[in-house]
Every structure is written in structure tokens, then in C-alpha cells.
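Below: one structure, written as C-alpha cells.
The first residue in the sequence is number 1, and the count goes up from there.
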Amino acid sequence: MALKSEISQPNLHDYHNQALSKSRQIEAEACSSIDLDSNPFLILLMGSTGTGKSRFIGVLSGNDMGISKDQLEPYTQDVIAYKISNLTHFGAPIYLVDTPGFSDPKLSEMRIVTKLHSWMSINSVDYFHHLFYFHRITDPRLSGSNARTMEIFRSLTGNGTSETVTVVTTMWDTLWRPEQVRRAEARFNELQKEYFKDWVEEGSKFAKFMNTQQSVLSILAEHLKGSKPLDFNFERSQGAFPCHSLYADALQRNLLERISSLQKRLKSTTDDLQTALEDDESMDLQNILKRQKRVIIEDIQTTLQDMDDYGHGLDIDTYRADPEQIFSHLNTKYYPEIQEHLLAEATTYLLLLKVDDTADEQSKGVIWSRYCERMRFLHIYNPTSYPSLHM
């Protein structure tokens, strides 16, 4: 589907070095493949959910793609490339590659990276010329989720690549009172001098997306000058097992935080539901709590699958028949991480056995089997701390 713009265009001769060339109306068309023979200029868009990545593309083509300017729910769930027609960078066609947002409760950062690697492999893309990292200027402070997102993004890009990263601040168009604008300007400076200080010192630039097409064109022209491909960590780790990637620690911390948070939510919701049943609360409240509990369980199952896929090189199927050998081929430096990983899985499976009253006997058998496998591996790793299960 092509997104077309009928908006009058600024004179691109005013832009630096005439890096961008425009002819006719600009269109952004989602494409299933990349024309590598045309030496395309590839720009990757990343950031938390609701920071305006997809809207940036829609505004460029004069189409909001059905996204409200104050929308906070995640929109993009897959990696999607948009070819920008009638706009080139030094004669090369431009592709904007949109990605799912970080801090999405339904999609782990590891799954996002997996989707990106899959897209790169299918399209034979080895590198990107520039990265745009989106950040809401309206966020009053750098929250825990924002800080973790920055950490993951930093680990994905690696050292020495900051000069090809632009931090695009968004939501400026939602500020209408002078005091709001003053606070945002102060925050804009604070982000550069404190939170993103290392990035700026290494060459990253900051930009303001004003939710207008002219703003997008200005950002493209100003921040793509001299861009050249650099080896980002996520590019260098293509084909590697997630636990062996250059950003493995950040991914694992994210998975462990997710599963811990889900465990707490499941326990709390289960307690609330039990109280509602005992106090004979309204059926509406009971049904709401039951639905919440079911959603949490589904999210836990998805996260457990992500943890399996993350791995640590633990091929459980291979070592099921001979579990004593599971650690023999691994570097001992990974043992503490493996222990934490397996223990998180085991405690989650045990929690599911206790509180998931909708699971049938076959499902409970599978959960019990997976719990026992993790505990067996933990016993092999540390017999003192994890006594053998007698079954």
C-alpha cells in the first residue's frame, strides 16, 4: 500500500549540500523486498512503543497511517520496510525500516531482535547506513523502562557507532503552553548533557520531530550527511545464538525482569480473584479478574518460549537422555547466568502448576515435565543447593 503526500514541499535547495533530491509527490510504500542493485540508503527506526516511529513515516508521505498523534499503544508488530518514492539521498533510493517498539508488554526485546535478524536475512541486508532512535520529549524523566531501553539499544549498536545514530525527540506538537515548551527545551538540553552524554560525545546528534513533513525532510537532510555503514553489534551477531551475541547480557536481564514481573502480577491477580470468590463479589468483577489472569498466563507462556529460544546453548532435547553432559561443553563463566536462567524458568513452571486451574491434565503433565527438567539440570550444576528430585 502506497502512502501519498499532496502537501506542498519546501525547496530542497535550501538543505545542506543538496543531499536530498525530490521529484513530484513523496510516497512511502511498504515493500516485501529491498532492491539491493539500486544501492539503497537504509535507515533503521528504533525506540520504545508510542514514541512516533511509524508516525514519522506517515507524516513524510502525508498519511497518518491511522495513528493518533497521542497514541501510546504499540502499532508496529513486525519489521516493515518502506520505500520512499520521489526522494533520494545523493541519487540513491531511501528505505525507512520500521521496527516493533521496545518495552512492549507483549513482545520481548529478544523477540524484536530475532524479527530484525530474520528480516535482514530474508532481504540479504548486511548493514544499515543510519539509525534513528525515537524518544518522547514529554516524558518528565528517564523512567526505568526508558533507561533499560537505552541500555538495550546501546548494547545492540555497540561502541564506535554513535556518529550514525540520531536521537529523534517527538511529541513537540502536543505542547501548547509556553511553560510546557520551556520545560521541554530544558529537557532537550538535559538529555544531551546527562542521559545521552556519552552518545553525544561519540558523535550522536539530536533532532526535533515537529509532526510535519518539513520537519521530517529537515531531519533527513541534516542528519544523513556523510552517513556511512558501521558495524553495529546486531549486524555482527547475525546467525549467532542469542546467548552468544554481543548484547546477550542485556537481553537476558530483560527476559528475567519480564518473567519476574509476570510472576508477581499472576500471584497478585490470583489472590484478588480468590478474595472475590470468597467474598461472593459480583460476577462482573470475578470475570474481569479471570480474564486478567488468563492474559497474564498467556504472556508468561510466551516469555518462557522466549527464554527457551534465548538458550545459553542448553539444548535440552539433545541432553534429555544424558543430562550429566549438559554443562560439559560450556564455558564455566556462563554457569551463574545459566543457574539464574534455569531457576527463573523452574519457579515459573511451578507457579503455573499451582495457580493455572484451567489447564487440562495433559498440559499440567507438560508443565511438570519442564519443571523437573530444569530442576534436574540445576541439581547437576549445584547438588548442594538443589537436591535431586525423587520421582
- Message: Checking Thr49 against Asp104 for the side chain to side chain donor-acceptor pair (under 3.5 Å) test, could you report, in this order, the C-alpha distance in whole Å, the side-chain angles of both residues, the deciding distance, and whether it holds?
- Response: CA-CA 6 Å; Thr49 59; Asp104 184 342; over 6 Å; no

- Message: Checking Ser85 against Glu27 for the side chain to side chain donor-acceptor pair (under 3.5 Å) test, could you report, in this order, the C-alpha distance in whole Å, the side-chain angles of both residues, the deciding distance, and whether it holds?
- Response: CA-CA 5 Å; Ser85 301; Glu27 300 180 8; 4.7 Å; no

- From CA spacing to verdict: side chain to side chain donor-acceptor pair (under 3.5 Å), Thr51, His135: CA-CA 6 Å; Thr51 52; His135 181 85; over 6 Å; no

- Can you list the steps and then say if Ser268 with Asp271 is a side chain to side chain donor-acceptor pair (under 3.5 Å)? CA-CA 5 Å; Ser268 175; Asp271 290 343; over 6 Å; no

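For the atom pair OG1 (Thr170) and CG (Asn211), the distance works out to 9.0 Å, reported to the nearest 0.5 Å.
The ring of Tyr82 has its center no closer than 6.0 angstrom to the ring center of Tyr95. Between Phe188 and Trp172, the ring centre distance stays below 6.0 Å.
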Contacts under 3.5 angstrom, residues 287-300 side chains, donor-acceptor by atom type, not counting sequence neighbours:
from: Asn287; atom 1: ND2; to: Met283; atom 2: O; distance (Å): 3.2
from: Lys293; atom 1: NZ; to: Val355; atom 2: O; distance (Å): 2.6
from: Arg294; atom 1: NH2; to: Asp356; atom 2: OD1; distance (Å): 2.9
from: Arg294; atom 1: NH2; to: Thr358; atom 2: OG1; distance (Å): 2.1
from: Asp299; atom 1: OD1; to: Lys106; atom 2: NZ; distance (Å): 3.0
from: Asp299; atom 1: OD2; to: Lys106; atom 2: NZ; distance (Å): 3.3

Less than 3.5 Å apart, which donor and acceptor atoms pair up between the side chains of residues 32-40 and the rest of the protein, not counting sequence neighbours?
from: Asp35; atom 1: OD1; to: Asp37; atom 2: N; distance (Å): 3.3
from: Ser38; atom 1: OG; to: Asp35; atom 2: O; distance (Å): 2.6

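Ring pair His129/Phe41 is parallel by interplanar angle, where below 30° counts as parallel and above 60° as perpendicular. Ring pair Tyr371/Trp368 is tilted by interplanar angle, where 30° to 60° counts as tilted.
Judged by distance alone, the side chains of Asp309 and Gln305 do bring a donor and an acceptor atom under 3.5 Å apart. Of the N and O atoms on the side chains of Glu278 and Gln274, at least one donor lies less than 3.5 Å from an acceptor on the other residue.
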